[in-house]
Amino acid sequence: MADQENSAPGSQADKPLDFIRQIVTQHQQQGGQRVITRFPPEPNGYLHIGHAKSICLNFGIAQEFSGQCHLRMDDTNPTKEEQEYIQSIQEDVRWLGFDWGQHYYHASDYFAQLYDWAILLIEAGKAYVDDQSAEEIRINRGTLTDPGRNSPFRGRPIQENLELFSAMREGAFPDGSKVLRAKIDMASPNLNLRDPVMYRILHASHPHAGNSWCIYPMYDWAHGQSDWIEGITHSICTLEFENHRPLYDWFVESLIAAGAQVPKVGYRPHQYEFARLELTYTLLSKRKLLELVKSDVVRGWDDPRMPTICGYRRRGYTPQAIRNFVTEVGVGKFNSTIDIGRLENALRDDLNRRASRRMAVLQPIKIIIDNYPENQVEQMEAANNPEDPSAGTRLIPFSREVYIEADDFRETPPPKYFRLAPGQEVRLRSAYWIRCTHVDKDSAGNITAIHCTYDPQTRGGSNPPDGRKVKGTIHWVSAAHAISAEVRLYDHLFTAADPSDVPPGKDWKVNLNPQSETVIAAAKLEPSLNDSPVGTSFQFERLGYFCVDRDSQPSRLVFNRSVSLKDSWAKEQKRK
RNA sequence: AGGGGUAUGGUGUAACGGUAGCACAAGCGCCUCUGGAGCGCUUUGUCUAGGUUCGAAUCCUAGUACCCCUGCCA
């Protein structure tokens, strides 16, 4: 695989290791167990670029350290989880280029074990059934500064707890009427330790476990034990779970003290936390992304403007580009926001090496080459990829009338404008040099056609014998041979670098970019683009990278602009 | 306010008591049949204040700023 340029971890030639890889290296050098990591998404939405960071970290470490990485659905809340999400998660992880082998799991597969262990904790006097309402529990939890108060049911006899918990499991009680709580410390400064809820009653059917349960473990109760059961050595998660680590440790230690063990796993996991990925002009909240989908702001989870893995896939991102990006930004504990330009750059960098070049005109304006024979057609040879000679060449038909980009002609050109203007000469890429003689206009004064002459001695675009030079080379398509296609241009979904920065009292959707999508109904493309398969990426020369969208019909292609090319001319104009 | 974290150029990230480096961005130049790509050069930084030390981004003390925690979400 291409991303294995990291040789043996810890070897001298390596780039510096991030703090987690340093920990793993040390673990390995000290003869620790074979490294086992895991990626544990909740199937309550589609994976986004933030998850990609975690996926690359966990699966990447497993690869680099000759370990294994598990894919586990953290499916403890049936009210939010769906089969659709489970499938998309698997698809996206695979697409990113990772393989969990035999190690595919569900937290819900451990429900029975978790239930038995809960009983063990009750028997040890470390868990109790609480009859308080959610409201009462909240009030009695105390605040950040004030300790909580013990539940009136905290002292319930073990036998009674056992019977009640069993009745909960049997379905004797309605939702919300009782919970099982760990008996820890209602005065702990760490609120997670103030008798956290372990089980709630939920008469709901589960996407994976079906109807076999009506009590469901809380994430905090399920997570650490799931890692333990699977023999995870390094349990890697994001910063907000740092406060939960003492609880996970408490659960496993209490279970061990009560005699619990996991066959063949003589150690327990350790958790390490890293800063989640944030991007400018991007929102990575599952809740808000769901809202965009449900309110039809976008056309679905895989809308090319979405920061989801499937959105990027449809947009034309490559797995390699995403992996490179994640590697480049590194892993730390500082809450940082990465410039979205870094992601875009990673795509350009990857596609520059492999995407075939084609010519396409988005805003066509017609050129008539007056001295070119009418009805003559020549096939011009063009390189498919100047970066990669092995990509070969193709033929492009050339004729008397061609389209060029409207922006490549100015009747009164600004200074340093190297493109076409009256009296000015440019190269039509891989074709001929042309010089503008005059323009046709309609009664309203709009230019309807540009008249040019061509120099037959510049065939193929080559320099003429008289030593003339041109500064500009522009793209074109033969008017008679061009195919029409729809092209969708994309811009950031939000206008604010920080989309969560919302004026007081306003909805976060005020930051949505109304021009995030621009549809060009009839772009003109060179005919070799016909029949391009869905998902293929091309560079449209001088414009950007474009990818065939799945909305394409045999008679009508649809392209997404994945990312534009860097445009130093536009940048300079903007600066003025 | 209690607890848990984090501070290095514009943005990220290294340096683990010994020359503050790298990437992206920015700027300048070269080159070019993509104003793309490529190449070269340049600007910009250790949160603050003390202290230890021959020597501090790193160790100590005191501050400051930001993030997370009061779901029967994960």
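Quick caveat, the model's predicted, so the values are computed rather than measured. Lettering follows sequence order; numbering is per chain, from 1.
- At the phosphate of B/C16, neither OP1 nor OP2 sits under 4.0 Å from any side-chain N or O atom of A/Gln26.
- Each of A/Thr337 and A/Lys333 lies near RNA chain B, and the nucleotide nearest A/Lys333 is the one positioned closer to the 5' end.
- With rounding to the nearest 0.5 angstrom, the CE atom of A/Met73 is 13.5 Å from the OG atom of A/Ser226.
- Side-chain N/O atoms of A/Arg357 and base N/O atoms of B/U34 include a donor-acceptor pair closer than 3.5 Å.
- On the P atoms, B/U13 is 23 Å away from B/U19, given to the nearest whole Å.
- Side-chain N/O atoms of A/Thr238 and A/Arg276 include no donor and acceptor closer than 3.5 Å.
- Here B/A37 is the nucleotide among B/C24, B/A37, B/C72 with the atom lying nearest to any side-chain atom of A/Glu387.
- One interatomic measurement links the two molecules: CZ of A/Arg429 to C1' of B/U34, which rounds to 5 Å at whole-angstrom precision.
- For the 3.5 Å distance criterion, the side chains of A/Glu42 and A/Asn77 fail to qualify, holding no donor opposite an acceptor.
- For the pair A/Trp476 CH2 and B/U34 P, the computed distance is 15 Å after rounding to whole Å.
- Comparing the same atom, P, in B/C60 and in B/A7 gives a spacing of 14 Å after rounding to whole Å.
- Between A/Ser336 and B/U11, a side-chain N or O to OP1/OP2 separation shorter than 4.0 Å is absent.
- The main-chain N or O of A/Arg156 is found under 3.5 Å from a side-chain atom of A/Asn161 such that the two form a donor-acceptor pair.
- For residues 76-83 of chain A, proximity to RNA chain B is found at A/Thr76, A/Asn77, A/Lys80, defined as any non-hydrogen atom under 4.0 angstrom from a strand atom.
- Taking atom CG of A/Leu239 as the reference point, atom P of B/A74 lies 20 Å away to the nearest angstrom.
- A sub-4.0 Å separation between OP1 or OP2 of B/A74 and a side-chain N or O of A/Arg287 is absent.
- Side chains of A/Asn324 and A/Glu328: a donor-acceptor N/O pair is absent below 3.5 angstrom, by distance only.
- The side-chain contact (heavy atoms from CB on, under 4.5 Å) test applied to A/Lys566 returns A/Asn345, A/Arg348, not counting sequence neighbours.
- Rounded to whole angstrom, the span from the CG atom of A/Leu543 across to the P atom of B/G35 amounts to 10 Å.
- In this structure, the nucleotide among B/G35, B/G12, B/A15 sitting nearest to the side chain of A/Tyr417 is B/G35.
- Contact annotation: side chain of A/Glu242 to base of B/C67, donor-acceptor pair absent below 3.5 Å.
- Contact annotation: A/Arg427 does not reach the phosphate of B/G35 (side-chain N/O to OP1 or OP2, under 4.0 Å).
- The side chain of A/Arg72 places no N or O atom within less than 4.0 Å of a non-bridging phosphate oxygen (OP1 or OP2) of B/A74.
- One P atom belongs to B/G17, the other to B/A23, and the distance between them is 25 Å to the nearest Å.
- If you measure from atom CD of A/Glu344 to atom C1' of B/A37, you get 18 Å, rounded to the nearest angstrom.
- Looking at RNA chain B, the stems built from 3 or more consecutive Watson-Crick or G-U wobble pairs, each pair with its key distances under 3.5 Å, are B:2-7 with B:64-69, B:10-13 with B:21-24, B:26-30 with B:38-42, B:47-51 with B:59-63.
- Within the 4.5 Å cutoff, the side chain of A/Tyr115 has heavy atoms near those of the A/Arg169 side chain.
- At a cut-off of 3.5 angstrom, counting only N and O atoms as typed in the model, there is a donor on one side and an acceptor on the other between the side-chain of A/Gln539 and the base of B/U34.
- Residue pairs that meet the salt bridge (Lys or Arg N to Asp or Glu O under 4.0 Å) test with at least one member in residues 135-144 of chain A, sequence neighbours left out, are A/Glu135-A/Arg138.
- Residue contacts for A/Val329: at a heavy-atom cut-off of 4.0 Å it reaches the sugar-phosphate backbone alone, with no base atom in range.
- Atom name P, nucleotides B/G27 and B/A62: the rounded distance is 45 Å, in whole Å.
- For residues 186-205 of chain A, the set of pairs meeting the salt bridge (Lys or Arg N to Asp or Glu O under 4.0 Å) definition, not counting sequence neighbours, comprises A/Arg154-A/Asp195.
- Between the side chain of A/Arg419 and the base of B/G35, at least one donor-acceptor pair of N or O atoms lies under 3.5 Å.
- OP1 or OP2 of B/A37 sits under 4.0 Å from a side-chain N or O of A/Lys566.
- Taking atom C1' on both nucleotides, B/U46 is separated from B/A20 by 8 Å, rounded to a whole Å.
- For A/Thr282, the side-chain contact (heavy atoms from CB on, under 4.5 Å) partners at least two apart in sequence or on another chain are A/Leu279, A/Leu284, A/Pro307, A/Ile340.
- The P atoms of B/U6 and B/G10 are separated by 23 Å, rounded to the nearest whole Å.
- Nucleotide B/A23 holds its P atom 19 Å from the CZ atom of A/Arg348, rounded to whole Å.
- Judged by ring centres under 5.5 Å apart and planes tilted less than 30 degrees, A/Phe334 fails to stack against the six-membered base ring of B/A7.
- In this structure, B/G71 is classed as syn because its glycosidic torsion stays within 90° of zero.
- For A/Arg357 and A/Phe540, the positive end is not near the middle of the six-membered ring at less than 6.0 Å and at most 45° from its axis.
- Contact annotation: the side chain of A/Pro207 never approaches that of A/Glu82 to less than 4.5 Å [non-hydrogen atoms, C-beta and beyond].
- With both ends at atom C1', the span from B/U52 to B/C66 equals 29 Å, rounded to whole Å.
- The side chain of A/Asn345 contributes an N or O atom lying less than 4.0 Å from OP1 or OP2 of B/A25.
- Put simply, CZ on A/Phe274 is 23 Å from P on B/G4, counting in whole angstrom units.
- Rounded to an integer number of Å, the gap from CG of A/Asn190 to P of B/G4 is 9 Å.
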